[in-house]
Amino acid sequence: MGNIILTGDRPTGNLHLGHYIGSLKNRVKLQNEGNYDKMYIMIADAQALTDNFDNPKKIQDNLYNVMLDYLSVGLDPNKVTFFIQSQVSELTELTFYYMNLVTLSRLQRNPTVKNEIRQKSFNESIPTGFLCYPISQTADITAFKANVIPVGNDQLPMIEQANEIVNTFNRIYGETLIKCEGYLEKNEIAQRLPGLDGNAKMSKSLNNGIFLSDSSEEVYKKVMSMYTDENHIRIDDPGKVEGNMVFTYLDVFSTDDQIKKYSDFNSLDDMKKKYQEGGLGDVKIKKILYSILEELLTPIREKRKYYENNMDVVKDILKKGTIQARKEAQKTLEEVKRSIGINYFE
Ligand code: TRP
């Protein structure tokens, strides 16, 4: 059997360059390599509700934003099945049976969940739905018999938990579910792109990101505001490359051909050397980065515009994908019920 790839995102905001370099780019690569039987991308609106249940409008508003981000980076509905989690109710049913296989203390030990609980200051009032989202994520994965899960490394505890549930299920009810593996971006900076301000992570809430949907003017302004080296005051001062966001971004977004095209340097290394010696100004390096980012973002913007003007097409892609996904999930749910022995009318 070939690979079945599945991944997803919570629709809580527009996707940014961090998402692009950390995961969307890889998904496009996987899609085009074609080494799979099926590839699914799920908009995890139900999971997003587990910590935004009091603000469903935020999820609704962002569902199509995220879908437009997917399509605009070149994810192709002819190769990928896109679907909406909440519309595949089989996932909820699977979750219910898997819940019996996981203890409360196991859920409380999940490091990603622990972290989120701290960040969201739930304190003692943790919604059970939120605590159980790793179980629901296991349902997302196993319903499609997915074995390759492209995710960020913060999601590895979810993969581990999924495989534990699969093992427990198969042991008690007989071989039914398939185990999975995370597929990670290898470049460490790309895995966790820092924000424009040098903050540990690009994020919507920190307002330190460049969104795939930002206009050219917005990108220019943001690049000009990037954190470089506070001791690099005059052009002739020697500058630091480490921790300098312009160089960090050039490291992951540029090729030497682009450096040649947009500067007088032959390579990024030459450009770094000059900056370290002194004599290369911040505005200049920012303009080079801006040109390189624009080369990436311009076609993304154009695709987005096309889909924005054809929202009926976008809706149709999601609708068709969701119907297909549901059929697959139904099959797995039937197998699961059969294994447990609750297939009374079969
Ligand atoms: N938890 C993931 C995130 O926050 C989203 C997600 C939900 C997911 N279900 C999934 C990812 C299944 C991979 C597979 O980004």
Side-chain angles (χ1 to χ4, degrees), residues 3-16 18-24 26-27 30-31 36 38-52 58-59 62-63 65-67 69-70 75 80-92 94-95 98 107 110-117 119-120 129-166 177-185 191-193 201-205 209 321-322 325 328-329 332:
N3 291 321
I4 298 181
I5 304 172
L6 180 136
T7 188
D9 300 276
R10 298 182 193 176
T12 51
N14 282 303
L15 303 182
H16 51 57
H19 294 113
Y20 178 79
I21 203 72
S23 91
L24 295 173
N26 256 334
R27 295 183 198 178
L30 280 171
Q31 160 193 287
Y36 54 87
K38 286 285 297 175
M39 180 161 171
Y40 294 95
I41 298 183
M42 179 188 78
I43 303 187
D45 63 332
Q47 185 176 111
L49 278 172
T50 64
D51 62 326
N52 290 282
K58 175 171 157 193
I59 310 304
N62 282 301
L63 195 131
N65 282 336
V66 168
M67 188 58 194
D69 286 327
Y70 288 158
L75 287 166
V80 175
T81 304
F82 294 98
F83 70 96
I84 305 177
Q85 186 186 28
S86 65
Q87 304 308 296
V88 182
S89 49
E90 287 75 12
L91 298 175
T92 323
L94 285 172
T95 304
Y98 297 168
L107 288 172
N110 183 311
T112 301
V113 173
K114 248 180 163 166
N115 222 349
E116 284 171 303
I117 288 172
Q119 278 168 8
K120 291 173 211 304
F130 180 78
L131 199 61
C132 290
Y133 92 72
I135 305 179
S136 128
Q137 191 154 331
T138 304
D140 302 337
I141 295 169
T142 55
F144 302 96
K145 305 191 161 59
N147 63 326
V148 178
I149 317 297
V151 281
N153 55 0
D154 64 317
Q155 294 293 301
L156 289 180
M158 305 301 161
I159 306 281
E160 195 182 318
Q161 184 134 41
N163 284 329
E164 278 176 34
I165 293 174
V166 168
L177 303 173
I178 306 275
K179 294 227 272 185
C180 64
E181 256 177 66
Y183 179 91
L184 292 186
E185 162 60 41
Q191 239 183 45
R192 203 169 212 276
L193 187 72
K201 198 177 177 186
M202 185 174 279
S203 92
K204 191 176 178 93
S205 50
T322 301
E328 243 2 89
T332 304

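Each ligand, and each atom within it, is numbered from 1 in the order the structure gives.
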- Item | Salt bridge flag under 4.0 Å for residues Arg27 and Asp9 | yes
- With Lys114, which residues qualify under side-chain hydrogen bond (donor to acceptor under 3.5 Å, both in side chains), at least two apart? none
- Partner residues of Tyr40 under the ring pair (Phe, Tyr, Trp, His ring centres under 6.0 Å) criterion, sequence neighbours left out: Phe144
- Item | Heavy-atom check, side chain of Leu15 versus side chain of Tyr70, under 4.5 Å | yes
- Could I get the full list of salt bridge (charged side-chain N to carboxylate O under 4.0 Å, His left out) partners for Glu185, not counting sequence neighbours? none
- Task: Locate the shortest heavy-atom distance separating Ala143 from Thr332; write the atom from each residue and the value.
- Result: O-OG1, 2.6 Å
- Return the protein residues near ligand 1 (heavy atom under 4.0 Å from any of its atoms), ordered by chain and residue number. Leu6, Thr7, Gly8, Arg10, Met42, Ala44, Gln47, Gln137, Asp140, Ile141, Ile149, Val151, Gln155
